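Okay, so here's the structure we're looking at.
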Protein chains: 2
Amino acid sequence: MTVPADSLFGPENLPYGVFSPAGGDPRVGVRVGDDVLDLSVALGEAVFAEPTLNAFMAQGYERWVAVRRRIQDLLAGEVPAAALHPVGEVSLHLPFEVADYVDFYASEHHASNVGRLFRPDAEPLLPNWKHLPVGYHGRAGTVYVSGTDVVRPSGQRTGPDGPAPVFGPSTRLDIEAELGFVVGTGTPANTPLSPDDFPRHVFGAVLLNDWSARDIQAWEYVPLGPNLGKSFATSVSPWVVPILALAEARVPLPGQTDPEPLPYLAESAPWGLDIELTVRWNGQEVSRPPFREMYWSPAQMLAHLTVNGASARTGDLYGSGTISGPGPAERGSFLELSWGGRDPLTVGGEPRTFLQDGDEVVLEGTATTRSGAKLGFGEVRGRVLPAR
Amino acid sequence: MTVPADSLFGPENLPYGVFSPAGGDPRVGVRVGDDVLDLSVALGEAVFAEPTLNAFMAQGYERWVAVRRRIQDLLAGEVPAAALHPVGEVSLHLPFEVADYVDFYASEHHASNVGRLFRPDAEPLLPNWKHLPVGYHGRAGTVYVSGTDVVRPSGQRTGPDGPAPVFGPSTRLDIEAELGFVVGTGTPANTPLSPDDFPRHVFGAVLLNDWSARDIQAWEYVPLGPNLGKSFATSVSPWVVPILALAEARVPLPGQTDPEPLPYLAESAPWGLDIELTVRWNGQEVSRPPFREMYWSPAQMLAHLTVNGASARTGDLYGSGTISGPGPAERGSFLELSWGGRDPLTVGGEPRTFLQDGDEVVLEGTATTRSGAKLGFGEVRGRVLPAR
């Protein structure tokens with residue numbers, strides 16, 4: 001089978017997803033060029049006739065390697081037409097059942113921007129930030145696949161006249177452009193993983209939009225962190241890019257020297273990933289968040305999650321937190337892009353700060369390998385519907 | 001079948017659990033006196049041969065009512081011996097598969113005590129506390145059944161000489177005595193539940209011990225809330241007391257007049273539950289936390305969880321937060337009982353503040369109905385093992 005050399009979905013990528021052909025049941029496929037390869041047909045194994053990737057992910061690293069090699073061998077020859085569907089003719093589903101969902105806060109630029117916005121008279125970073133990847137648990141049951149509309153959430157926010165809150169639709173609905181990492185094989189209780197265990201336990205990565213109602217969040221979040229300001233919806237891309245593919249996109253971390261990470265977070269060769277996202281607001285590109293600028297690495301996040309003895313499970317999802325680079329057009333939230341609403345962006349010729357009903361946001365992502373190849377993540381798309 | 005009149009597990013209680021008889025598979029049972037009634041045998045339905053309560057819970061309120069009536073009818077006659085097992089001869093399992101786990105902070109006495117301990121120069125309650133039930137998502141994958149040992153977690157804590165943290169086993173390992181509420185039938189996205197929807201959606205209640213490493217929590221929790229200080233273990237009792245039984249234990253809420261709750265949190269007749277817990281530390285009773293003193297009700301917590309459009313699912317678990325009453329011997333954590341470690345308790349003749357290796361904590365709970373009947377929750381037991 002021939003895939004155009006400039007495709008973002010060539011044989012060095014091979015992201016997994018779950019799709020239904022017209023009239024068919026959900027099953028596991030791999031994106032190849034503009035087609036989906038039906039693994040339940042091409043490889044004929046029951047694990048690929050499942051409606052999620054979980055059973056395959058749970059088979060473990062050696063299987064991930066072997067199946068990837070089989071698919072690459074298959075693609076080197078003629079692929080039976082019955083195993084291929086144009087991607088535009090299938091329905092794409094949430095590719096995995098989410099076990100626990102954790103969201104980190106791993107971009108120094110993002111955390112500093114938020115600190116400057118919310119605590120203008122203090123140090124932008126809190127004292128713990130450079131010592132551990134700060135994170136919190138989110139709502140696994142409201143992780144949705146790309147294309148799911150997002151109804152504007154209602155909730156409490158600080159009232160205009162002092163401390164009594166008002167209730168109503170959020171007036172500061174925002175996005176957070178992130179990557180999410182999907183655990184393939186977990187670890188039992190009291191068996192922490194080290195950063196070097198990452199490739200054998202984490203199956204793949206997705207684009208993630210952590211929709212955020214800033215007004216609800218600002219009122220509720222002390223002292224136990226975000227809850228309803230985030231729990232209404234988190235969107236992910238339908239394609240899970242294998243960590244085996246992303247190994248070729250490793251880059252050095254930008255630097256963790258002051259302070260040095262504690263030993264449980266130390267890696268033999270600390271690495272990030274050369275992945276760039278784009279954020280489109282009603283079709284217009286407004287930002288290019290660079291994942292290579294992240295302070296904490298995905299492997300360090302995994303080690304942190306389990307160092308206290310917490311188990312990890314197949315289907316655990318953890319987000320990187322908003323990806324923001326040093327430049328003003330590299331910020332991954334409208335909170336930062338509009339500097340808390342003070343500096344509107346021009347979108348469609350109009351000044352804009354937070355999301356209006358009917359707006360659509362699309363995140364895309366591309367990894368660049370050491371040889372210069374481009375690996376696509378596809379997109380995560382969501383439209384804002386009015387509050388009910 | 002005759003159950004002693006003073007049993008905490010008479011026909012007005014009938015808590016559900018999952019058990020294995022010697023050599024048998026897990027199945028659903030109901031505790032009756034000192035026996036477990038095997039519902040897979042007594043009622044002969046496949047849903048009770050499942051290894052969790054989830055499938056039965058998902059059948060909904062009308063079924064919960066009907067099955068409870070059938071069991072009560074059955075107990076009024078002769079129960080076949082093959083359907084009964086002495087509770088001491090079976091293994092008890094985690095009774096439900098946890099979907100999302102949320103922990104609230106609904107005791108005014110607890111929140112005020114914590115405020116006084118951590119912010120001695122400020123108002124004990126933060127401005128949002130009386131306007132909404134503050135809560136956060138916890139780790140569903142580390143909810144364990146009573147009897148599971150708890151390995152002392154390791155993590156970062158503030159160092160003795162300034163801001164650089166040290167890593168090691170927690171030195172301030174604590175408990176939180178709580179009730180947990182189990183969602184039987186959830187709600188789709190963008191379909192919020194009102195407090196009055198509670199009885200038709202929440203299946204039952206359990207005892208819950210939210211083990212907490214105070215030193216890890218204190219260092220990590222800004223600005224996104226607790227994470228590793230809590231995520232290593234949460235223990236629940238093996239018996240799920242039906243909300244249908246607890247309807248008889250309703251009492252008025254102690255008072256929400258200043259401020260009045262917002263309309264989405266308002267109830268036609270706001271109610272709490274007359275449930276008293278006991279906390280035993282190495283066999284010695286150290287506290288009797290009264291659930292009837294809670295500020296926010298379980299029905300308000302459910303309404304809050306879904307008001308932003310978040311869906312809820314069968315198996316969602318939400319904890320009340322630490323139950324503390326106004327009296328010094330009614331506090332539900334060692335943090336409060338020892339006043340941050342300043343005022344040690346005498347346990348086994350020795351001054352004690354936080355948990356030592358080998359310690360065992362047992363929470364018990366009893367509801368009192370309007371007619372004076374006592375409904376037992378059983379216990380949630382856990383022993384502390386040394387850090388690995």
Side-chain angles (χ1 to χ4, degrees), chain A residues 99-103 105 114 118 126-128 131-132 134-142 144 151-156 163-165 167 170 186 189-190 192 213 216 219-229 231-233 259 262-264 304-305 307-313 316 387-388, chain B residues 99-103 105 114 118 126-128 131-132 134-142 144 151-156 163-165 167 170 186 189-190 192 213 216 219-229 231-233 259 262-264 304-305 307-313 316 387-388:
Chain A
D100 270 299
Y101 165 48
V102 169
D103 201 22
Y105 191 52
V114 171
F118 287 139
L126 289 166
N128 59 13
H131 294 278
L132 57 86
V134 170
Y136 68 100
H137 283 73
R139 192 162 184 83
T142 54
Y144 300 114
V151 174
R152 181 180 298 275
S154 292
Q156 298 189 24
F167 180 86
S170 170
N190 306 307
I216 297 173
W219 168 242
E220 74 178 354
Y221 89 106
V222 282
L224 300 184
N227 186 7
L228 299 190
S231 67
F232 55 98
L262 281 161
Y264 80 91
H304 188 65
L305 272 182
V307 73
N308 66 343
S311 56
R313 292 180 291 172
D316 280 353
R388 295 230 175 118
Chain B
D100 269 300
Y101 165 48
V102 169
D103 202 22
Y105 190 51
V114 171
F118 287 140
L126 290 166
N128 59 11
H131 295 278
L132 58 85
V134 170
Y136 68 101
H137 283 72
R139 192 163 184 82
T142 54
Y144 300 113
V151 175
R152 180 180 299 275
S154 290
Q156 297 190 25
F167 180 86
S170 170
N190 307 307
I216 296 173
W219 169 241
E220 75 179 353
Y221 89 105
V222 283
L224 299 183
N227 186 8
L228 299 191
S231 67
F232 55 97
L262 281 160
Y264 79 91
H304 187 66
L305 272 182
V307 72
N308 66 342
S311 57
R313 293 180 289 171
D316 280 354
R388 294 231 176 118

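Letters A, B, ... are given to chains in the order of the sequence lines, protein chains preceding strands, and every chain is numbered from 1. Excluded from the calculations below are hydrogen atoms, water molecules and symmetry mates; all remaining heavy atoms, backbone and side chain alike, are included. Predicted model, so just to flag it, every value in this text is computed and none were measured.
The minimum heavy-atom distance linking B:Asn128 with A:Tyr221 is given by the pair ND2-N, 4.4 Å. The two residues A:Ser311 and B:Gly141 have their closest heavy-atom pair at OG-O, 3.6 Å.
With chain A as partner, the option from B:Tyr101, B:Tyr105, B:Phe232, B:Phe118 having the largest number of non-hydrogen pairs under 4.5 angstrom is B:Phe232. In terms of heavy-atom pairs under 4.5 angstrom with chain B, the leader among A:Ile216, A:Val134, A:Val222 is A:Val222. Between chain B and the residues A:Asn190, A:Val151, A:Thr142, A:Val307, the most heavy-atom pairs under 4.5 angstrom are made by A:Asn190. Ranked by heavy-atom pairs under 4.5 Å with chain A, the first of B:Pro263, B:Pro165, B:Pro153, B:Gly155 is B:Pro165. When B:Gly309, B:Ala164, B:Ser154 are compared by the number of non-hydrogen pairs under 4.5 Å with chain A, B:Ser154 comes out ahead. Counting heavy-atom pairs closer than 4.5 Å to chain A, the top-ranked of the candidates B:Gly138, B:Pro259, B:Ala189 is B:Gly138.
No side-chain donor-acceptor contact under 3.5 Å links B:Asp100 to the backbone of A:Arg139. A donor-acceptor contact shorter than 3.5 Å links the side chain of A:Asn227 to the backbone of B:Gly135.
Distance OG/A:Ser231 to CG/B:Leu305: 7.5 Å, rounded to 0.5 Å.
Contact annotation for A:Val102: only side-chain heavy atoms (C-beta onward) come within less than 4.5 Å of a heavy atom of chain B. For B:Leu132, the parts lying near chain A are the backbone and the side chain together; criterion is any non-hydrogen pair under 4.5 Å. A:Pro223 touches chain B through backbone and side chain together, each having a heavy atom under 4.5 Å away. Heavy atoms of B:Tyr144 lying under 4.5 Å from chain A belong exclusively to its side chain. With a 4.5 Å cut-off on non-hydrogen atoms, A:Tyr264 touches chain B through its side chain but not through its backbone. In this structure, the portions of A:Ala312 lying under 4.5 Å from any heavy atom of chain B include both its backbone and its side chain. Only the side chain of B:Leu126 comes within contact range of chain A, with at least one heavy atom under 4.5 Å from a heavy atom of that chain. Residue B:Pro127 touches chain A through both its backbone and its side chain, counting heavy-atom pairs closer than 4.5 Å.
The aromatic ring centroids of A:Tyr136 and B:Tyr136 lie 6.0 Å or more from each other.
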